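Here's the structure we're looking at; comments come further down.
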Amino acid sequence: ERYTGQIVRAGPRPELGIGMLMDRAGSLNRLARPAEALLLATGLGERALRDGQTRIASLAFFEFARARHLLGAPRAEVEPLLVRIREITGEPLWQANAGLQVLIESVRVDWDIADGRLAEAAQRIAALLAHRSMKNADHVRPRRLTLMLAARIGLARRDFAAAAGHAREALELAEASARGADTSADVGEALLLQSGIQAAEGQIIAARSGFERAERCLRNGYGLQHPLTLEAARLRAELGAWGRIS
């Protein structure tokens, strides 16, 4: 925030400046502050395109689209933005860039789950998991995100075995790259999903323990008032009450 504040005051800057602004917009979206992200990302993609920075432009347009999605814009308004990202990237680079595809699919999976289009979503995510770049050691984050999407779809389809397998692998990847056992929001998100699957399967003790640790990770990584932190706290409390009643 300190660095990007200087950039905003100084006006247009070269590649590093635009890239830092884009990164900040992404952080704001993850912190559930999409209105601020939207303000920062508006016009940023066009600036990057004018400077010939196609990769940063694609990511800036994505953060703009994600902010619109998080603020409740309908699919009909956001989908054209996602299509434009593919056009900006160009087909050869698009096919090679599984990481960008995963980010875009994360928005579409939200819509698909809400609309019940689970088979279609599962096919798209399975194709991403099979992408050759997913086996690259440098692509841990895209694979983790793809596994999280696959687990969410499996849970929505009540395919608990598949969902649990995907969630377990996603958690392993998150833990392997985390700086601390209880300070990573990535670990917290994976634990929250895994525990939700365990709760749906009736594994109450394991789920309650998972929600407790997820809450701790999310509190440290995202803050007390983040929606995911609050959700983990609510689910942990609900299972605790259920255990006392049972």
Side-chain angles (χ1 to χ4, degrees), residues 22-23 26-27 29-30 32 55 58-59 61-63 65-67 69-70 75 78-79 81-83 85-86 88-89 91-178 184-198 200 210 214 217-218 221-222 228 231:
M22 181 271 296
D23 284 340
S27 295
N29 273 328
R30 288 200 68 183
R55 174 183 168 278
S58 298
L59 291 170
F61 278 116
F62 170 73
E63 295 304 344
R66 176 158 63 170
H69 169 60
L70 292 173
R75 185 170 191 163
V78 179
E79 181 65 39
L81 299 173
L82 303 181
V83 172
I85 294 170
R86 182 168 183 167
I88 289 169
T89 305
E91 204 58 29
L93 290 178
W94 170 264
Q95 294 299 333
N97 193 343
L100 181 59
Q101 293 181 47
V102 173
L103 291 175
I104 288 175
E105 289 303 328
S106 68
V107 176
R108 289 181 173 143
V109 164
D110 285 347
W111 293 325
D112 289 338
I113 290 176
D115 296 340
R117 300 169 63 175
L118 303 179
E120 178 183 338
Q123 289 178 351
R124 294 200 313 272
I125 297 306
L128 274 176
L129 281 174
H131 196 284
R132 62 182 183 277
S133 70
M134 288 294 176
K135 296 178 174 56
N136 190 320
D138 295 330
H139 285 68
V140 171
R141 183 169 182 268
R143 180 167 181 80
R144 175 177 56 78
L145 292 175
T146 309
L147 287 164
M148 294 278 287
L149 296 177
R152 287 182 57 204
I153 294 167
L155 178 59
R157 300 177 83 179
R158 301 191 67 78
D159 184 351
F160 298 132
H166 293 314
R168 182 172 56 253
E169 187 177 350
L171 178 58
E172 290 171 355
L173 290 173
E175 289 182 321
S177 58
S184 169
D186 292 340
V187 172
E189 287 191 22
L191 278 167
L192 181 60
L193 180 55
Q194 182 186 66
S195 302
I197 296 166
Q198 291 170 335
C217 291
L218 291 165
Y222 282 150
L228 293 181
E231 181 182 1

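Excluded from the calculations below are hydrogen atoms, water molecules and symmetry mates; all remaining heavy atoms, backbone and side chain alike, are included. Note that the structure is a prediction, hence the values are computed from the model and not measured.
Counting only heavy atoms from C-beta outward, the side chains of Arg55 and Asn97 never approach each other to under 4.5 Å. With a 4.5 Å cut-off on side-chain heavy atoms, Arg124 and Gln101 do not count as touching. The shortest distance between side-chain heavy atoms of Glu189 and Leu193 does not fall below 4.5 Å. A heavy-atom distance below 4.5 Å is not found between the side chains of Asn29 and His69. For the pair Ser177 and Asp186, the minimum side-chain heavy-atom distance is 4.5 Å or more.
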Given salt bridge (Lys or Arg N to Asp or Glu O under 4.0 Å), test Glu172 with Arg144 step by step and report yes or no. CA-CA 9 Å; Glu172 290 171 355; Arg144 175 177 56 78; over 6 Å; no
For Met22 and Phe62: C-alpha separation, side-chain torsions, deciding distance, then whether side-chain contact (heavy atoms from CB on, under 4.5 Å) applies. CA-CA 10 Å; Met22 181 271 296; Phe62 170 73; over 6 Å; no
For side-chain contact (heavy atoms from CB on, under 4.5 Å), just list the numbers for Gln95 and Arg86, CA-CA rounded to whole Å, side-chain angles, deciding distance to a tenth of an Å, and then say yes or no. CA-CA 9 Å; Gln95 294 299 333; Arg86 182 168 183 167; 3.3 Å; yes
Between Leu81 and Phe61, does a side-chain contact (heavy atoms from CB on, under 4.5 Å) hold up when you go through it step by step? CA-CA 7 Å; Leu81 299 173; Phe61 278 116; 5.7 Å; no
Working for side-chain contact (heavy atoms from CB on, under 4.5 Å), residues Leu171 and Arg168: CA-CA 5 Å; Leu171 178 58; Arg168 182 172 56 253; 5.8 Å; no
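In this structure, Ala122 and Arg157 approach most closely via the heavy-atom pair CB-NH1, 3.3 Å.
Salt bridge Asp110/Arg66: absent, no basic N to carboxylate O contact under 4.0 Å. Comment: Arg75 engages Asp112 in a salt bridge, judged by a side-chain N to carboxylate O separation of less than 4.0 angstrom.
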